[in-house]
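In what follows, a single structure is set out as structure tokens and then discussed.
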Protein chains: 2
Amino acid sequence: MNDHYDKIKNLLIQKNIRPSMHRIKILEYLLANETHPTADRIYNALSAELPTVSRMTVYNTLAIFTERELVHEISIGENESRYDIVTEPHGHFKCTSCGTIYNFDIKADLLASIEPVDFKVMERDVYFKGICPKCL
Amino acid sequence: MNDHYDKIKNLLIQKNIRPSMHRIKILEYLLANETHPTADRIYNALSAELPTVSRMTVYNTLAIFTERELVHEISIGENESRYDIVTEPHGHFKCTSCGTIYNFDIKADLLASIEPVDFKVMERDVYFKGICPKCL
DNA sequence: TTCAAAATTTATAATGATTATAAATACATT
DNA sequence: AATGTATTTATAATCATTATAAATTTTGAA
């Protein structure tokens with residue numbers, strides 16, 4: 001039975017995160033909505049189903065997820081952080097017209113090739129801004 | 001005479017910014033301190049010489065400078081913006097140990113090569129994080 | 001099962017960078 | 001000098017995030 005939640009639970013356990021109800025629901029939301037949501041957006045979406053959830057829990061949970069590298073925090077010059085399920089390395093493009101944040105591919109070895117020598121690089125963010133095809 | 005300030009004035013005039021005293025002093029500070037200062041750091045440094053300067057003026061001025069592309073705003077995942085005199089394209093590396101933000105070279109054509117097709121890219125930020133040679 | 005310690009969650013208030021607003025001052029042009 | 005415009009200032013407001021401590025839930029041993 002419940003394959004769906006078992007998979008999500010296992011993702012948490014693999015990262016050494018205890019699978020509480022709220023953590024499962026937040027991870028489920030992130031897996032289903034690859035729209036780079038903000039903490040507030042997640043909070044609002046979950047409030048419908050989990051009336052007792054608090055904003056703090058969302059913030060706490062996202063902090064743990066980020067620390068354990070389940071998600072990646074995006075700070076593309078806005079005043080609020082956005083969150084992305086970590087998969088392949090990729091860049092982010094923000095359309096300054098409609099606000100949408102797009103993913104775009106970047107080859108991992110290309111990213112490695114620009115690393116400054118003698119520095120230990122642990123995190124790589126590429127943020128481009130401009131106008132998306134829809135708005136052009 | 002006063003070559004120094006004439007040069008700074010001209011930089012402002014070239015970008016269509018009227019060269020008020022405070023704007024000249026802020027640009028002078030940015031030219032002399034390529035340390036990616038925050039608005040607050042600039043405000044504090046200038047307060048010594050210009051006792052009447054207000055924080056708002058620093059914020060206003062940095063906003064104009066950014067808009068006219070005299071400086072570049074850096075948002076490398078901190079809660080405050082930093083400012084960089086715009087010169088050649090380059091990446092930024094933040095040492096998570098000592099907090100220093102380093103510049104590192106990126107070839108302009110390499111940056112162009114990773115642009116997603118059909119998007120009009122107007123701004124390119126590359127932010128790496130990790131440990132710098134000093135802290136290693 | 002029961003109980004105590006640990007982990008998680010909640011409610012509330014605080015923080016702090018940035019922005020909004022409107023008044024005051026400086027500047028430019030006739 | 002007078003007038004309109006641009007700049008600067010002081011003050012208060014905003015708002016995402018964090019701090020704190022109490023409440024609740026979970027866990028694991030007895």
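Atom set for the values below is all heavy atoms of this structure, side chains included, hydrogens, waters and symmetry mates excluded. Keep in mind that what you see is a predicted model, and the values were worked out from it rather than measured. We name chains A, B, ... by the order of the sequence lines, and we start the count at 1 in each one.
When the C1' atom of D/dT7 is taken as reference, atom CG of B/L50 falls 14 Å away, rounded to whole Å. A/N60 has its CG atom 19 Å from the P atom of C/dA6, to the nearest Å. In this structure, CD1 of A/I17 is placed 18 Å from P of D/dT26, rounded to the nearest angstrom. Rounded to whole angstrom, the span from the OH atom of B/Y43 across to the C1' atom of D/dA10 amounts to 11 Å. In this structure, CE of A/M21 is placed 14 Å from C1' of C/dT8, rounded to the nearest angstrom. Straight-line distance from the CD atom of A/E78 to the P atom of D/dC15: 15 Å, rounded to whole Å.
Between A/Y102 and B/F119, the ring centre distance stays below 6.0 Å.
Ion pairing of A/R124 with A/E115 is present here, as a side-chain N (NZ or NE/NH1/NH2) and a carboxylate O approach within less than 4.0 Å. Between B/R55 and B/D40 there is a salt bridge, since a side-chain N of the basic residue sits under 4.0 Å from a carboxylate O of the acidic one.
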Go along nucleotides 23-30 of chain C 5' to 3' and tag each nucleotide: B for a protein heavy atom under 4.0 Å from its base, S when only backbone or sugar atoms are that close, - otherwise. -----S--
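Residues B/H90 and B/I106 form no side-chain contact, since every pair of their non-hydrogen atoms from C-beta on lies 4.5 Å or further apart. When side chains are defined from C-beta on, A/L11 counts as touching A/L31, because their heavy atoms get closer than 4.5 Å. Side-chain contact between B/I64 and B/R23: present, with at least one pair of heavy atoms (C-beta onward) separated by less than 4.5 Å. Contact of the A/E78 side chain with the A/T38 side chain is not registered, since no non-hydrogen atoms from C-beta on lie closer than 4.5 Å.
Here the shortest heavy-atom pairing between B/L70 and B/K15 reads CG-CG, 3.8 Å.
Distances shorter than 4.0 Å separate none of the side-chain N or O atoms of A/S54 from OP1 or OP2 on C/dT9. Between A/T52 and C/dT10 there is a side-chain polar atom (N or O) within less than 4.0 angstrom of OP1 or OP2. The phosphate of D/dT25 (OP1 or OP2) has no side-chain N or O of A/H22 nearer than 4.0 angstrom.
Within a 6.0 Å radius of CG in B/D105, other residues, nucleotides and ligands contribute 12 heavy atoms or fewer.
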If you restrict it to nitrogen or oxygen atoms, what contacts under 3.5 Å exist between nucleotides 17-20 of chain D and the protein, and what is each distance?
| residue | atom | partner | partner atom | Å |
| --- | --- | --- | --- | --- |
| D/dT17 | OP1 | A/S81 | N | 2.8 |
| D/dT17 | OP2 | A/Y59 | OH | 2.8 |

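Looking at heavy-atom distances under 4.0 Å, B/S20 makes contact with sugar-phosphate atoms alone, never a base.
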